[in-house]
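Since the structure comes first, as structure tokens, the remarks are kept for the end.
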Amino acid sequence: MRVQKPKGTVDILPGESQNWEKVENITRSFLTRAGYREIRTPLFENYEVFSRSSGESSDIVEKEMYDFQDKGGRHIALRPEGTAGVVRAYVENKIYGPDHVKPFNVYYIAATFRYERPQAGRQREFHQIGIESFGSDNALSDVQTIMLGNDLLHELGVKNFELHINSLGNEEVRKAYHDALINYFTPLKDKLSEDSQRRLGTNPLRILDSKDERDKEFLPDAPKIIDYLDEDSKAKFDHITQMLKDLGIDYVIDDDLVRGLDYYTGVIFEFMVADSDLWASPTTVLGGGRYNHLVEEFDGPETPAVGFGIGEERLMLVLQKQNPDLFADHGIDFFLANIGEGTELKTIETARALRKQGYQVDFDVDQKKLKNQFKKADRLKASYVITIGARDLAEGVVQLKRLSDGKQIPVALEKLGHMADIIAEL
RNA sequence: GCGGAAUUGGUGAAGUGGUUAACACAUCGGUUUGUGGAUCCGACAUACGUGGGUUCGAUUCCCACAUUCCGCCCCA
């Protein structure tokens with residue numbers, strides 16, 4: 001049988017997988033220090049969990065969802081984003097109850113699925129790193145969320161990202177702004193690109209984001225969301241941006257910033273990376289915002305919330321380019337080479353003992369010639385080779401050799417239990 | 001969903017309608033058996049994404065499909 005992975009999926013093989021581990025370990029450590037704990041929710045949910053929260057008319061729901069009927073006739077969907085499932089879990093487990101400390105802060109690193117045409121940094125199965133904070137509407141929680149995104153990217157070594165932020169208001173504000181955009185663009189309809197003529201009917205906000213020159217000339221005079229915000233939203237947005245300024249976090253206010261999901265209600269933001277070697281136009285690596293009504297949508301109590309999601313594949317692309325040192329391959333600590341009668345057992349015993357001391361140790365299970373064993377040690381990028389030979393063994397020693405400079409010393413068998421000391425002497 | 005390009009061994013690749021598919025790297029074996037990253041010698045594609053067609057004959061021409069990549073839509 002000739003097998004092939006499904007379109008838009010990838011195998012992450014050894015060599016690559018350790019890079020992911022590295023990024024994920026740094027991320028987990030970072031978020032744990034910030035008081036976020038991991039949540040794991042199902043890979044699939046009832047279809048409605050995603051269709052209702054993301055917006056029935058959003059592209060994600062209309063054409064990108066992996067959904068199917070299971071054998072029990074249930075309409076199931078693979079998660080196309082992380083937030084909805086977490087909100088569902090929050091409500092279903094009654095985490096809004098008094099037993100839980102508020103805000104309730106969680107993170108996840110999870111596989112996510114969208115039926116799309118694959119491209120660089122876009123797959124059908126991909127991974128999102130996300131955080132969500134439930135229970136506070138204070139600007140501090142918005143600022144902290146943005147700050148964590150900023151600091152995490154810095155800690156990982158992303159160099160040239162730009163933070164774009166904007167504010168969407170409540171339901172009424174969005175409605176009024178939506179209408180204003182339609183009123184503005186409708187008379188211009190014939191001059192707009194085909195895509196934007198279509199957007200006028202589906203999602204006029206997206207016209208603001210158009211890359212088509214025919215559209216761009218009309219954008220500067222288009223209505224700005226900021227002029228439609230209510231006083232509270234405006235004051236809060238100012239408060240947030242002021243704090244970012246005080247924290248030394250650079251940002252640009254981006255009137256044209258819109259996000260693909262319907263549930264955002266307040267501040268929204270994207271961290272974008274411009275790298276022409278990677279993408280033709282600046283690409284979002286991290287995006288998020290405030291969503292104060294989603295919990296209610298799931299029949300939970302009124303609960304403000306804010307969060308973000310990182311596209312892990314895109315993050316990896318950027319890091320491999322901008323911080324390759326992070327992925328340096330250091331190889332193993334010891335390779336055990338053995339030669340002569342009766343050295344096999346001593347070899348595997350020594351491997352066991354050294355591993356117990358915390359070292360990465362390997363040896364040649366195929367027992368090839370000494371020369372081949374050394375070659376294998378080189379291939380494994382071993383720092384040291386310990387040669388266990390029958391002649392030496394009779395005298396109670398093994399040979400320890402540092403491969404970088406070839407220096408070799410005999411080591412008494414009894415001392416193998418204290419490898420750190422021996423290496424210090426070498 | 002729309003438009004474009006690509007598809008030869010483990011890797012990078014050259015190449016032609018017709019008897020041995022170049023070259024390089026890597027790998028494996030050897031260079032007389034206790035020490036590597038050097039040199040030298042040798043081995044290594046039943047076959048050129050899959051299926052069909054044209055042809056006496058196709059890896060080379062045509063068609064379809066698949067996958068990958070690029071741009072758009074959209075998004076992480």
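Since the model is a prediction, treat every value here as computed from it, not as a measurement. Numbers restart at 1 for each chain; the letters A, B, ... are given by sequence-line order, proteins then strands.
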Exercise. Expressed in whole Å, how much space separates the C1' atoms belonging to B/A66 and B/G51?
Worked result: 10 Å
Problem set entry | Under-4.0 Å side-chain N/O to phosphate OP1/OP2 contact, A/K368 with B/G29 | yes
Exercise. Looking at B/C74, does its base get a donor-acceptor pair with the side chain of A/R114 below 3.5 Å?
Worked result: no
Exercise. With rounding to whole Å, what would you report as the distance between B/U8 and B/C70 at their C1' atoms?
Worked result: 22 Å
Problem set entry | NZ/NE/NH1/NH2 to OD/OE distance under 4.0 Å, A/E194 and A/R214 | yes
Exercise. How about A/T387 and A/L400: do any of their side-chain heavy atoms sit closer than 4.5 Å?
Worked result: no
Exercise. Can you tell me if NZ on A/K159 sees more than 12 non-hydrogen neighbours from other groups inside 6.0 Å?
Worked result: yes
Exercise. Do A/R114 and A/F126 meet the cation-pi criteria used here (NZ or CZ under 6.0 Å from the six-membered ring centre, within 45° of the axis)?
Worked result: no
Exercise. Across the strands shown, which category fits A/Q119 at heavy-atom distances under 4.0 angstrom: base, sugar-phosphate, nothing?
Worked result: base
Exercise. Please give, in whole Å, the distance from B/U68 P to A/R122 CZ?
Worked result: 13 Å
Exercise. What is the per-nucleotide protein-contact pattern of nucleotides 36-43 of chain B, from the 5' end, where B denotes a base atom under 4.0 Å from a protein heavy atom, S denotes such proximity for sugar-phosphate atoms only, and - denotes neither?
Worked result: BB------
Exercise. Expressed as a whole number of Å, how far does the C1' atom of B/U67 sit from that of B/C61?
Worked result: 23 Å
Problem set entry | Residue A/L370, side-chain heavy atoms: nucleotide from B/U67, B/U35, B/A76 that is nearest | B/U35
For this session: Could you tell me whether A/I348 atom CD1 has more than 12 heavy atoms of other residues or ligands within 6.0 Å of it?
Result: no
Problem set entry | Flag, side chain of A/Y177 to backbone of A/P223, donor-acceptor distance under 3.5 Å | yes
Seminar exercise, completed: Value for CD1 (A/I310) from OH (A/Y107), rounded to nearest 0.5 Å, stands at 12.5 Å
Exercise. Short question: side chain of A/R79, backbone of A/P42 - any donor-acceptor pair under 3.5 Å?
Worked result: yes
Seminar exercise, completed: When A/Y115 and A/P282 are each assigned the nearest nucleotide of RNA chain B, the 5'-most assignment goes to A/Y115
Exercise. Of A/Q408 and A/L286, whose nearest nucleotide on RNA chain B comes first from the 5' end?
Worked result: A/Q408
For this session: Measure from the side chain of A/K369, starting at C-beta and using heavy atoms only, and say which of B/G71, B/U33, B/C74 lies closest.
Result: B/U33
Exercise. Say you pick atom C1' in B/C41 and the same atom in B/C69; how far apart are they, in whole Å?
Worked result: 42 Å
Exercise. Is a donor on one side and an acceptor on the other found under 3.5 Å between the side chain of A/E162 and the backbone of A/M272?
Worked result: no
Exercise. Are A/N372 and B/G29 close enough that a side-chain N or O sits under 4.0 Å from OP1 or OP2?
Worked result: yes
Might you list the N or O atoms of the protein lying below 3.5 Å from N or O atoms in nucleotides 3-8 of chain B, with each pair's distance?
unit_1: B/G3; atom_1: O6; unit_2: A/R117; atom_2: NH2; d: 3.1

For this session: Look at atom OH of A/Y184 and say whether more than 12 heavy atoms of other residues, nucleotides or ligands are closer to it than 6.0 Å.
Result: yes
Exercise. Using a cut-off of less than 4.0 Å, is there contact between a side-chain N or O of A/Q4 and OP1 or OP2 of B/G49?
Worked result: no
For this session: Please measure how far the C1' atom in B/C72 lies from the corresponding atom in B/A45, and state the result in whole Å.
Result: 39 Å
For this session: Would you mind classifying the nucleic acid contact of A/E125 as base, sugar-phosphate or nothing, using non-hydrogen atoms under 4.0 angstrom?
Result: nothing
Problem set entry | C1' spacing across the pair B/A6 / B/A43, given as an integer number of angstrom | 32 Å
Problem set entry | Separation between the P atoms of B/G29 and B/G36, rounded to whole Å | 15 Å
Exercise. So, is A/R379 near the phosphate of B/U27, with a side-chain N or O under 4.0 Å from OP1 or OP2?
Worked result: yes
For this session: Write down the distance separating the P atoms in B/A47 and B/G9, rounded off to the nearest Å.
Result: 11 Å
Exercise. Could a donor-acceptor pair under 3.5 angstrom be found where the side chain of A/E116 meets the base of B/A76?
Worked result: yes
For this session: Could you check which nucleotide pairs with B/A64 in any of the strands shown, counting Watson-Crick or G-U wobble with both distances under 3.5 Å?
Result: B/U50
For this session: Count the heavy atoms belonging to other residues, nucleotides or ligands that lie under 6.0 Å from CZ of A/R352, then report whether that count exceeds 12.
Result: no
